[in-house]
Amino acid sequence: MTLVHTYSELILGRLVRRYKRFFADIELENGEIITAHCANTGPMTGVCQIGSPVLVSHHSNPKRKLAYSWEAIYLDNEWIGINTSLPNRVIGTMLDLHLLPELEPYTTVTSEVAYGNEKSRIDFLLTDDHYQKKNYLEVKNTTWCIGNLALFPDTVTTRGQKHLRELMSVIDANTSATLIFFINRGDCDRFAAGSEADPEYAKLFTEAIARGVKVLPCRFKIEPMKITYLGLANLQTQS
């Protein structure tokens, strides 16, 4: 296991309700009810159970509308990451430290680069200055699972479909494409496309692999003080 992120002090509470996608009411241990920002626009299938223990962070920035952010929830003896703004930060740190050997070699990392035919922005562009090669890297967060099988997506995602098409379109002799799935829980050691939630995404996912898009299902252990990288999950593909 490799330590990849350390939280500032987190506050324990209990989930009261989530509403309007971006808001969660949480009861702190002292009985106070606070409203926290929920940085997860999806349905959060299976990981939004009322009454479950949660962790929130507090921010003193006066420009924030909400002082608290919902970071994690405790279900089935496992902390599960909720804050979808965190995976890109963690992956960015790992890239800077060259902690993912599957992506080597590269010399520079650039984030949020415009690319493709459908007006997209890639999460990270890795460039190997020596061999003049590029690797377009997209990061997707997932918390949905069935048993120990992590799945993405948990709902129809036209944006995700677009990203698969874009990744396939850039591949040539000097350009590769990689899709990282940030498995935001430590109890899954397998990964597959969520075909029941989005059959079109699953179809494009299979096509992307056949076209040469590299898929890295990365496992992470979430704890109240830190996030550790556990390595790659076993990729399950459709026959």
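All values below were derived from every heavy atom in this structure, side-chain atoms included, with hydrogens, water molecules and symmetry-related copies excluded.
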Undergrad: Are there over 12 heavy-atom neighbours, none belonging to K221, within less than 6.0 Å of that residue's NZ?
TA: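 Atom NZ in K221 is crowded, with more than 12 foreign heavy atoms closer than 6.0 Å.
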Undergrad: Can you sort out the partners of E104 under salt bridge (charged side-chain N to carboxylate O under 4.0 Å, His left out), two or more places apart, ordered by chain and number?
TA: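 Residues passing salt bridge (charged side-chain N to carboxylate O under 4.0 Å, His left out) with E104: none at all.
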Undergrad: Indicate yes or no: does R14 engage E27 in a salt bridge with an N to O separation below 4.0 Å.
TA: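 Yes, R14 and E27 are salt-bridged.
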Undergrad: Between atom CG of L100 and atom CE of M94, what is the distance when rounded to the nearest 0.5 Å?
TA: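 L100 CG to M94 CE: 4.0 Å, rounded to 0.5 Å.
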Undergrad: Any side-chain heavy atom of L125 sitting closer than 4.5 Å to one from L137?
TA: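 No; the side chains remain at least 4.5 Å from each other.
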Undergrad: Would you please test L12 and V56 for side chain to side chain contact (heavy atoms under 4.5 Å, CB included) and show each step?
TA: CA-CA 7 Å; L12 184 64; V56 297; over 6 Å; no
Undergrad: State yes or no: are the ring centers of F220 and H5 separated by less than 6.0 Å?
TA: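 Judged by ring-centre distance (under 6.0 Å), F220 and H5 do not meet the cut-off.
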Undergrad: Under the criterion side chain to side chain contact (heavy atoms under 4.5 Å, CB included), I'd like the reasoning laid out for L164 against Y201: C-alpha separation, chi angles, the key distance, then a yes or no.
TA: CA-CA 8 Å; L164 286 174; Y201 185 91; 3.4 Å; yes
Undergrad: Is the shortest heavy-atom distance from the side chain of L86 to the side chain of Y7 under 4.5 Å?
TA: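 Yes - at least one pair of side-chain heavy atoms lies under 4.5 Å apart.
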Undergrad: To the nearest 0.5 Å, what is the distance between CD1 on I180 and CZ on F124?
TA: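 Nearest 0.5 Å value for the CD1-CZ distance: 8.0 Å.
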Undergrad: Just so I know, are the side chains of N234 and D189 near enough to count as touching, which here means a heavy-atom distance under 4.5 Å?
TA: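 No, side chains not in contact.
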Undergrad: When you check the side-chain N and O atoms of H59 and S57, is any donor under 3.5 Å from an acceptor?
TA: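 Checked: H59/S57 side chains pair up, N/O donor to acceptor below 3.5 Å.
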Undergrad: With rounding to the nearest 0.5 angstrom, report the CD to CZ distance, E166 to R121.
TA: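 Nearest 0.5 Å value for the CD-CZ distance: 12.5 Å.
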Undergrad: What I want to check is whether the side chains of T178 and N135 have a donor and an acceptor closer together than 3.5 Å.
TA: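 Indeed, the side chains of T178 and N135 share at least one donor-acceptor pair under 3.5 Å.
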Undergrad: Using a strict threshold of under 4.0 Å (side-chain N to carboxylate O), is an ion pair present between E207 and K203?
TA: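 Salt bridge absent between K203 and E207.
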Undergrad: Is the backbone N or O of G81 less than 3.5 Å from a side-chain atom of W79, with the two atoms forming a donor-acceptor pair by type?
TA: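 No, W79 side chain to G81 backbone: no donor-acceptor pair under 3.5 Å.
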Undergrad: Side chains of V90 and Y229: closer than 4.5 Å at any heavy-atom pair?
TA: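 A side-chain contact under 4.5 Å is absent here.
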Undergrad: Applying side chain to side chain contact (heavy atoms under 4.5 Å, CB included), run through F191 and I183 and close with a yes or a no.
TA: CA-CA 9 Å; F191 174 83; I183 302 174; 4.3 Å; yes
Undergrad: Does E196, at its CD atom, have more than 12 non-hydrogen atoms belonging to other residues, nucleotides or ligands within less than 6.0 Å?
TA: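 No, not enclosed.
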Undergrad: In terms of side-chain heavy atoms, does D96 have a donor or acceptor partner in T93 at a distance below 3.5 Å?
TA: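 D96 vs T93: no donor-acceptor pair found between side chains.
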Undergrad: Any luck finding a side-chain donor-acceptor pair between T84 and N40 under 3.5 Å?
TA: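 Distance-only check fails for T84 and N40.
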Undergrad: How about V4 and T228: do any of their side-chain heavy atoms sit closer than 4.5 Å?
TA: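 No, their side chains stay 4.5 Å or more apart.
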Undergrad: Drop me the distance from R17's CZ to F23's CZ, to the nearest 0.5 angstrom.
TA: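 So the gap between those two atoms works out to 10.5 Å.
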Undergrad: Taking E138 first and then K140, would you say they form a salt bridge - that is, a charged N and a carboxylate O separated by under 4.0 Å?
TA: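 Between K140 and E138 there is a salt bridge, with a charged N closer than 4.0 Å to a carboxylate O.
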Undergrad: So, are R185 and E78 salt-bridged, with charged N and O less than 4.0 Å apart?
TA: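 No.
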Undergrad: Do F205 and F152 make the cut of ring centroids closer than 6.0 angstrom?
TA: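 Between F152 and F205, which both carry aromatic rings, the centre distance is not below 6.0 Å.
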Undergrad: Tell me the closest heavy-atom pair linking Y131 and D128, and the distance in Å.
TA: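 The answer is CD1-OD2, 3.0 Å.
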Undergrad: Output yes when a side-chain donor or acceptor of R165 lies under 3.5 Å from a complementary backbone atom of M168, and no otherwise.
TA: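 Looks like no, no N/O pair under 3.5 Å.
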Undergrad: If we ignore hydrogens and angles and just use 3.5 Å, is the side chain of Y68 paired with the main-chain N or O of I11 as donor and acceptor?
TA: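 The answer is no, because no donor-acceptor pair under 3.5 Å joins these two groups.
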Undergrad: Is the shortest distance from a Lys or Arg side-chain nitrogen in E102 or K214 to a carboxylate oxygen in the other one below 4.0 Å?
TA: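 So E102 does not pair with K214 through a salt bridge.
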Undergrad: State, yes or no, whether a side-chain contact exists between E32 and I34 at a heavy-atom distance under 4.5 Å.
TA: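 Yes, their side chains come closer than 4.5 Å.
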Undergrad: Do D129 and T107 meet the criterion of a side-chain donor-acceptor pair at a distance under 3.5 Å?
TA: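 D129 vs T107: donor-acceptor pair found between side chains.
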Undergrad: Answer yes or no: is there a side-chain heavy-atom contact under 4.5 Å between K133 and L126?
TA: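 No, every pair of side-chain atoms sits at 4.5 Å or beyond.
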Undergrad: Quick one: does T45's side chain get under 4.5 Å of T143's, heavy atoms only?
TA: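 They are not in side-chain contact.
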Undergrad: Any side-chain donor paired with an acceptor under 3.5 Å for R64 and S69?
TA: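 A pair is found: one side chain offers a donor N or O, the other an acceptor, under 3.5 Å apart.
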Undergrad: So, R190 and N148: side-chain donor and acceptor under 3.5 Å apart, yes or no?
TA: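 There is such a pair between these side chains.
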Undergrad: Tell me yes or no: between the side chains of D123 and Y136, is some donor less than 3.5 Å from an acceptor?
TA: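 Short answer, no.
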Undergrad: Looking at C48, is its backbone amide N or carbonyl O close enough to the side chain of S52 to form a donor-acceptor pair, meaning the two atoms are under 3.5 Å apart?
TA: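 No, S52 side chain to C48 backbone: no donor-acceptor pair under 3.5 Å.
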Undergrad: Measure from the side-chain N and O atoms of T35 to the backbone N and O of D25, and report whether any donor-acceptor pair falls under 3.5 Å.
TA: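 No.
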Undergrad: Just how far is it from atom CG of N184 to atom OG1 of T142, taken to the nearest 0.5 Å?
TA: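 It comes to 8.5 Å.
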Undergrad: Once rounded to the nearest 0.5 Å, what's the spacing between atom CG of D76 and atom CG of D187?
TA: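 If we round to the nearest 0.5 Å, D76:CG and D187:CG are 7.5 Å apart.
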